[in-house]
Amino acid sequence: MSTNKIENLTFLAFNNLPVAVICADKSGIIFFVNRKTTDLLGYKAEEMISKPITDFATPGKGYNGMESLMESFNKDEAFIGKFTFITKDKLEIPILVSISPIFDETRKIIGVTGMAEVIADKQLIENIELEKANILLKNNQKEKQLIMDSMTDWIAFQDLNHNYTWSNKATKKYTGCTDDELRQKKCYQIWFGANKECQGCPVRVAIDSGIVCETQHTDKQNRTWLIKSFPVYDDNNKIIGAVETGRDITERILRENQNRELIEKLQKNENEFRHLVSQMNQGLAVHELVFDKKGEPIDYKYVLINEIFEKYTGLKKEIVLNKTTKELKLPIEDKWYEIFFNVAITGKPYFTENYAKNIDKYYELTAYQPLPNQFAVILNDITDRKIAEIELLKKQKEIELQNQEYKKINEELFFAKEKAEESERLKSAFLSNISHEIRTPMNSIIGFSELFAQDNISIENRRRYSEIVINSSNKLLQIISDIVDISKIETKQISLKNEEFIVSDLIKGLTNSFQDLAIAKSLDFRLNCKIKNLKIVSDEAKIRQIINHLLHNAFKFTSKGFVELKCELTENIIVFKVTDTGVGIKPEHIEKIFKHFVQSDQKIAADFGGAGLGLSIATAFSELLGGSISVESEFGKGTSFTVKIPVIKVESYNKSKINSAMSENKSKTMQVLIAEDEDINYFYLETILEKTGISLLRANNGKEAVDIVKRNPNIKLIIMDIKMPVMSGIEATKIIKTHNPEIKIIAYTAYAMMGDNEKLIDEGCDDYISKPAKQTELINLISKYFKVSF
């Protein structure tokens, strides 16, 4: 090749470089600019030549003039620094300048060559945008969509059937589709106008394999896209689709093709080519394949590397040039041999992003074929961009998790609000209802008590008024007891008191208490108890309350027909069943009736009365005893409640022997101490017990009770009021039990004020009875300890 042709080729190479090139003499006067420079600044070449560089560029820090620059070249120091280009339109463009000396034949510096790369290129702009997005994301999570829409890359989510369900603005811009159009078409229809899934579809690979897939595609508009697909998992770690990102790399591919063409041309003039390579900001290495005798590639050798490639890889050109990887014993994975062999033979380029652990850097790797059986590798440091992307993905994940947590909290708050409002409505209705329920018996008690004071009342009316006052008092007492029970249930203060008792006696007491009510309502009260003389261990009081509430409901809601109580023992489970022919329960109200303050229908309270607590108390006590309660009902025809409670059986009960023992003890003198400071309360107890033949003693306070017991060893039982002056009933009980552990003490207490009666047992009392004491209950309780019937 002639010298003129070489010079012409060199000029064309420099004139068509994708970077700005300016050549100046030692004084800084320009004598050459290439096409990229004039295109960038807007000047013609003749407008710049013969003028100082400083007319078109403002030096940055580190530049101390041409003389200083010449001195640095004499010390073999190159200059790389930042300048600001000033265009013909007075716009400022930041650039990175690499300045190298120009030597004559005697190695004397006669000028300089500067290669300028615009700092604000597309990649840097994208990095800046990414950083801005990251800052926005950190400052305000609500800007997530805005951040995605500000990205120049298109980002979209595809479900398992290739339907787009979410996308950012860039997706719509590049596809030209609206949100509705994106959702109505498949991805391959939008991008390639195809009717079926593309072969090697990255989204399909990501969904099927669960790995990130990366590929390049050229669309119908001849644009080249770098596409990445990431699998997306739900809370059960199941893949539900893929996030797809796309970057238009058409210009980058064009630049790479231009670089490749330029390198191919410049290889014919090695000096110019090597000078160009040394000015690159990317790492570059050219390799040549090594074949075996059969013509199969087995290795490759290094034919060219630049300084940046040395810096990135740690390989030194003086060591590796013209040597193969196997000669150098480099730790290269087999997959890279396969990739590079394919590039060098087929000419099909390869692109990837990777992390180099040995240098802790992320880099972009582009491999292409400069000549047959050769491949060139360009390395570009993208660490800053990748760190920004990783941080963005991390923040996105944090936001997603936080959003899920917020969603969960909101749902919990919503349900809690609904529950609280429902509870408030129920309690308001309950308070209104309970006010009526309390006032009704109070009205009777007060009204008929005032009638007692009249002189002209007949004995028959006085007896009738007395029955009304007693029944109303019992009703009021039951309401108060239910309120106390439900309060203790809600505060989890209920405990069990297991004791031995006879089931038939419990049933007999319950049936006797409801017999008068059955007669009054003309109802057939049936008893079907298959348990005879069975003694069990359980909480008698709570079982009595359960059955009492069920029988009370049955009689209240039944106006004709019958009420039946069944009981039987199956293995170690006792079953009580209360059946009635009353109003029944609507199916939609079945679940509500066991809740606090709830009746099956709002009309129930108005028609039948009641506080709506009985079934919730029965349910709580059944569960506390380890059992269950269930209901079967047909509206308008009747209801059946079944209670199952596990119990412990005791040896057979012989009633005749106990009756005999009671008769033997009846003749013995019985002395009972009543410790009660209120005269009315003592008078009431004295009146009840005067016909029993029991000898009564009274103490007005706890201290007096202790003294009387010490003076009277014949006292066998004490009815002890708990709240007394001087010394309380609890203190007196502890002292008396220390003096005489055999004496029996029955606590006489308004338990609604004291709390759990079980605590009284723990303090030393043997039993308890609530104020006001019913005559039969008190006598039965005394009989229990004296073994005598009255």
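Within 6.0 Å of CD on E499 lie more than 12 heavy atoms contributed by other residues, nucleotides or ligands. Dense packing is recorded around NZ of K521, with more than 12 heavy atoms of other residues, nucleotides or ligands lying under 6.0 Å away. The number of heavy atoms from other shown groups lying within 6.0 Å of CD1 (I680) does not exceed 12. Within a 6.0 Å radius of CD in E571, other residues, nucleotides and ligands contribute 12 heavy atoms or fewer.
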Q. Going through the distances and angles, do L615 and F641 end up as a side-chain contact (heavy atoms from CB on, under 4.5 Å)?
A. CA-CA 10 Å; L615 284 178; F641 284 93; 3.7 Å; yes
Q: Carefully, step by step, assess I708 and E704 under the rule side-chain contact (heavy atoms from CB on, under 4.5 Å).
A: CA-CA 6 Å; I708 291 174; E704 191 173 323; 4.1 Å; yes
Q: Could you walk me through whether M720 and I746 pass the side-chain contact (heavy atoms from CB on, under 4.5 Å) test, one step at a time?
A: CA-CA 6 Å; M720 180 76 74; I746 298 174; over 6 Å; no
Q: Would you sort out whether R711 and D707 count as a salt bridge (charged side-chain N to carboxylate O under 4.0 Å, His left out), showing the intermediate values?
A: CA-CA 6 Å; R711 294 195 303 268; D707 294 339; 5.1 Å; no
Q: With side-chain contact (heavy atoms from CB on, under 4.5 Å) as the test, would you mind laying out the steps for I736 and I745 before giving the verdict?
A: CA-CA 9 Å; I736 291 170; I745 300 177; 4.1 Å; yes
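Distance CG/D524 to CD1/I519: 11.5 Å, rounded to 0.5 Å. With rounding to the nearest 0.5 angstrom, the CD atom of E411 is 9.5 Å from the NZ atom of K408. Here the CG atom belonging to L685 is positioned 12.0 Å from the CD atom belonging to E678, to the nearest 0.5 angstrom. A distance of 10.0 Å separates CD1 of I585 from CZ of F635, quoted to the nearest 0.5 Å. Atom CD1 in I574 sits 13.5 Å away from atom NZ in K644 (nearest 0.5 Å). Between atom CD1 of residue I531 and atom CD1 of residue I502 there is a gap of 12.5 Å, rounded to the nearest 0.5 Å.
When all heavy atoms are compared, the tightest approach of Y748 to S770 is CE1-O, 4.3 Å. Pairing each heavy atom of T581 with each of G561, the nearest pair is OG1-CA, 3.3 Å. Counting all heavy atoms, side chain and backbone alike, A705 lies closest to L673 at O-CD2, 3.9 Å. Nearest heavy-atom pair, V563 versus A554, reported as atom, atom and distance to 0.1 Å: CG1-CB, 3.8 Å. Smallest separation of non-hydrogen atoms from D677 and N700: CB-O, 3.1 Å. Contact record, G702 with M724: N-CE, 3.5 Å, taken as the closest heavy-atom pair.
Among residue pairs with one or both ends in residues 614-623, none qualify as salt bridge (charged side-chain N to carboxylate O under 4.0 Å, His left out); sequence neighbours excluded. Residue pairs satisfying the side-chain hydrogen bond (donor to acceptor under 3.5 Å, both in side chains) criterion with at least one member in residues 679-689, sequence neighbours excluded, are listed as follows: D679-R698. Screening residues 727-737 for side-chain hydrogen bond (donor to acceptor under 3.5 Å, both in side chains), with sequence neighbours left out, gives S728-E731, K734-E763, K737-D766.
With hydrogens and angles disregarded, no donor-acceptor distance shorter than 3.5 Å links the side chain of N461 to the backbone of I457. At distances below 3.5 Å, not a single donor-acceptor pair connects side-chain atoms of T570 with backbone N or O atoms of I573. Formation of a donor-acceptor pair under 3.5 Å by the N740 side chain with backbone atoms of E742 is found in this model.
We find that D767 and K784 are joined by a salt bridge, their nearest charged nitrogen and carboxylate oxygen being less than 4.0 Å apart.
For D721, the side chain to side chain donor-acceptor pair (under 3.5 Å) partners at least two apart in sequence or on another chain are K771. Residues that satisfy the side chain to side chain contact (heavy atoms under 4.5 Å, CB included) test with A747, not counting sequence neighbours, are I722, L760, C765, Y768. Under the rule for a side chain to side chain contact (heavy atoms under 4.5 Å, CB included), the partners of I735 that lie at least two apart in sequence or sit in another chain are V706, M727.
Aromatic ring pairs are classed by plane angle as parallel below 30°, tilted from 30° to 60° and perpendicular above 60°; the pair F525 and F555 is perpendicular.
Between I694 and I782, the closest side-chain pair of non-hydrogen atoms falls below 4.5 Å. At a threshold of 4.5 Å between non-hydrogen side-chain atoms, the residues Q671 and L697 count as touching. Q775 places a side-chain heavy atom less than 4.5 Å from the side chain of I779. Taking the side chain as every heavy atom from C-beta outward, D539 and L625 approach each other to under 4.5 Å. Looking only at side-chain heavy atoms (C-beta outward), K716 and V672 stay at 4.5 Å or farther from each other. Contact check for V643 versus I547: no side-chain heavy atoms found under the 4.5 Å cut-off. A heavy-atom distance below 4.5 Å is found between the side chains of C567 and C529. Inter-residue side-chain proximity for F501 and D505 is flagged as unmet; no heavy-atom pair is nearer than 4.5 Å.
The residue from L551, I543, L550 that alone fulfils the side-chain contact (heavy atoms from CB on, under 4.5 Å) condition with F576 is I543.
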